[in-house]
Trainee: 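Once you've had a glance at the structure underneath, I'll fire off some questions.
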There are 2 protein chains.
Amino acid sequence: MKDDPGASANRCIARGGEIYAAGTEGPAWRVVAGTVRLDEAGPEGRQFAGLALPGDVIGAETLLFGRYSFTALALSACEIEPWLAGHEQPSGETLLGMLATAERRMAQILSLRSGTAGERIRRLLAFMSARVADGRRAVRLALPRLRDIADITDLSVETVSRTITHLGAEGSLEVYGRYRTRQVSAASLRRPKP
Amino acid sequence: MKDDPGASANRCIARGGEIYAAGTEGPAWRVVAGTVRLDEAGPEGRQFAGLALPGDVIGAETLLFGRYSFTALALSACEIEPWLAGHEQPSGETLLGMLATAERRMAQILSLRSGTAGERIRRLLAFMSARVADGRRAVRLALPRLRDIADITDLSVETVSRTITHLGAEGSLEVYGRYRTRQVSAASLRRPKP
DNA sequence: CGGGGTCTTGATCTCAATCAACCAATGTGG
DNA sequence: CCACATTGGTTGATTGAGATCAAGACCCCG
């Protein structure tokens, strides 16, 4: 139980990669590491529809409809494992727990769309760094693409870029690296802004 | 089955009234008519956390935790009935369906926080009028309090007031009455804005 | 008849969107 | 190995939608 038995059917997806597409078939997955963005196919392209953290189950609707309702994208490098590989049914207690999680999650995601640009971005990053893969605590968090941050917080990419630079400059966020390899320190996310 | 058998333990709540408070005990409910706003107790007062329409179940988390996680308020006059009055357990299929609904709902609520003020308000009202009590189709929709519309769409009350007046003036929304008794025609909500 | 909650309207200001270039990194194929 | 395209990120100038502040009108309730 302690060690991973060969990581049988686990999948790894790079930052920005697609995990599955809406309308296709496949199993439900449990997120082991990373953050997942769920999108709904709207009349005007994809539209942000939810986030999943390590521990969350994504694509549970396939058990009901046989197809994925959303498109899943990796915000950061992700590892996922099949959920309910056999033909076992989830217990009512499990499902109730997932429902309660989904409802609490809704409140958190909603809060990523109110307040100033700085507050939204800080909240999103703090949210992503809240739950890391069990055991090892990530000291630094790889930033998602600005495009993704913008979609989630309902800001423009330009504003996201400027705001992160600004937060870093005023010391409210410790930023390392530039461009695609940028990271922020988890510690600076936990303390409230000055 | 066709007629309501005395409406045993059903409750009715007026617009703006509280259905239950977070932290208290009680059963889960099924919304029969009206729209419900769910709030989470945040560090800075209540914070909008979700919406429930006729057919939705609210407070299902009591089956797991024994207490309500959210505070429920009636946006419009509401009727609710106890869900699972006896000690019966919901089936896995039912719970999976509720989970899928919650996830789809999340996408819709998120869309109430993007776009212009006019688009957000139109979307919210269309959303509320989408599902009415089975059978009779409401021709007109009673408006929620502006304060509630503002919280849900992340706008200010002043902007909501101005925008509704404006939408009415340009014919994009048919508005009847003023002040607390204001209503909009459901038909004008369904057709896209000119 | 007050009084508090709700709604309206006006004047002003600000934060973020938009438009427009421009870099930096990564691929791709000849 | 080098042109070239593509995607992702940055920066600047300008503009506008909505926030904010302020005041008053309306309505319901005790």
Side-chain angles (χ1 to χ4, degrees), chain A residues 14-18 37 44-46 73-77 112-125 142-170 172-173 175-184 193, chain B residues 14-18 37 44-46 73-77 112-125 142-170 172-173 175-184 193:
Chain A
R15 182 183 100 137
E18 184 175 290
R37 161 182 177 178
E44 347 195 343
R46 315 229 131 121
L73 297 158
L75 287 185
S76 49
L112 301 178
R113 284 177 172 227
S114 64
T116 66
E119 287 164 357
R120 296 184 196 197
I121 292 174
R122 276 192 62 103
R123 259 185 238 131
L124 169 61
L125 298 178
L143 279 191
R145 296 181 300 186
L146 299 198
R147 170 80 265 146
D148 289 319
I149 299 180
D151 289 345
I152 295 168
T153 55
D154 194 36
L155 297 167
S156 68
V157 256
E158 295 96 325
T159 298
V160 174
S161 174
R162 278 187 257 264
T163 304
I164 291 176
T165 307
H166 184 243
L167 290 178
E170 72 170 25
S172 154
L173 211 61
V175 185
Y176 304 95
R178 289 170 60 85
Y179 302 103
R180 260 153 260 211
T181 60
R182 212 161 28 170
Q183 304 174 328
V184 296
K193 67 153 183 251
Chain B
R15 182 182 100 138
E18 184 174 290
R37 162 184 175 176
E44 347 195 342
R46 315 227 131 121
L73 297 158
L75 286 186
S76 49
L112 301 178
R113 284 178 172 228
S114 64
T116 66
E119 288 164 357
R120 297 184 195 197
I121 293 174
R122 277 192 62 102
R123 258 185 238 133
L124 170 61
L125 298 178
L143 278 192
R145 295 180 303 186
L146 298 197
R147 170 80 266 146
D148 289 320
I149 299 180
D151 288 345
I152 294 167
T153 55
D154 194 38
L155 298 167
S156 68
V157 256
E158 294 95 327
T159 298
V160 174
S161 174
R162 278 186 258 263
T163 303
I164 291 176
T165 306
H166 184 243
L167 289 178
E170 70 169 27
S172 153
L173 210 61
V175 185
Y176 304 95
R178 289 168 60 86
Y179 300 103
R180 258 154 263 208
T181 60
R182 212 160 29 169
Q183 303 174 329
V184 296
K193 66 153 182 250

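Lettering of chains follows the sequences in order, A, B, ..., and the numbering in each one begins at 1.
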Trainee: For A:R46, does the CZ atom have more than 12 heavy-atom neighbours from other residues, nucleotides or ligands under 6.0 Å away?
Mentor: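 Atom CZ in A:R46 is not packed in, count stays at 12 or less.
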Trainee: Using a 3.5 Å distance criterion without hydrogens, assess whether the side chain of A:T165 forms a donor-acceptor pair with backbone atoms of A:S161.
Mentor: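 Yes: the side chain of A:T165 pairs with the backbone of A:S161.
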Trainee: Is there a side-chain contact between B:I152 and B:L75 (heavy atoms, below 4.5 Å)?
Mentor: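 Side-chain contact under 4.5 Å: yes.
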Trainee: Would you indicate, yes or no, if D:dG8 has its OP1 or OP2 atom less than 4.0 angstrom from a side-chain nitrogen or oxygen of A:R180?
Mentor: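 Result: no.
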Trainee: Looking at every non-hydrogen atom in both residues, tell me the closest pair between A:R120 and A:T153 and how far apart they are.
Mentor: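 Nearest pair, atom of A:R120 first, then A:T153: NH1-O, 2.7 Å.
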Trainee: Taking Watson-Crick and G-U wobble pairs with both distances under 3.5 Å, convert DNA chain C into its dot-bracket string, 5' to 3', dots for unpaired and | for cross-strand pairs.
Mentor: ||||||||||||||||||||||||||||||
Trainee: Should the pair B:R113-A:D154 be classified as a salt bridge under the 4.0 Å nitrogen-to-oxygen rule?
Mentor: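 Salt bridge flag = no for A:D154 with B:R113.
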Trainee: Whether the side chain of A:R162 and the base of D:dG12 hold a donor-acceptor pair under 3.5 Å is what I'd like checked.
Mentor: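 Indeed, a donor on one side and an acceptor on the other fall under 3.5 Å apart.
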Trainee: On DNA chain C, reading 5' to 3', which nucleotide is the first and which the last to sit with an atom under 4.0 Å from a heavy atom of chain B, could you check?
Mentor: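 On DNA chain C, the outermost contacted nucleotides are C:dG5 to C:dA11.
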Trainee: For DNA chain C, whose closest nucleotide is more 5', that of A:A117 or that of A:T181?
Mentor: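 Its nearest nucleotide lies further toward 5', so the answer is A:A117.
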Trainee: Under 4.0 angstrom, heavy atoms only, what part of the nucleic acid is B:R120 near: base, sugar-phosphate, or nothing?
Mentor: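 Since no nucleic acid heavy atom lies under 4.0 Å of B:R120, the category is nothing.
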Trainee: Are side-chain heavy atoms of B:L143 and B:L125 found at a separation under 4.5 Å?
Mentor: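 When only atoms from C-beta onward are counted, B:L125 and B:L143 do touch, with a gap below 4.5 Å.
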Trainee: Would you say D:dG18 has OP1 or OP2 under 4.0 Å from some side-chain N or O of B:T159?
Mentor: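 For D:dG18, neither OP1 nor OP2 has a side-chain N or O of B:T159 closer than 4.0 Å.
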Trainee: Check every strand shown and say whether A:D148 touches a base, only sugar-phosphate, or nothing at a heavy-atom separation below 4.0 Å.
Mentor: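 If one applies the 4.0 Å heavy-atom cut-off, A:D148 turns out to touch nothing in the nucleic acid.
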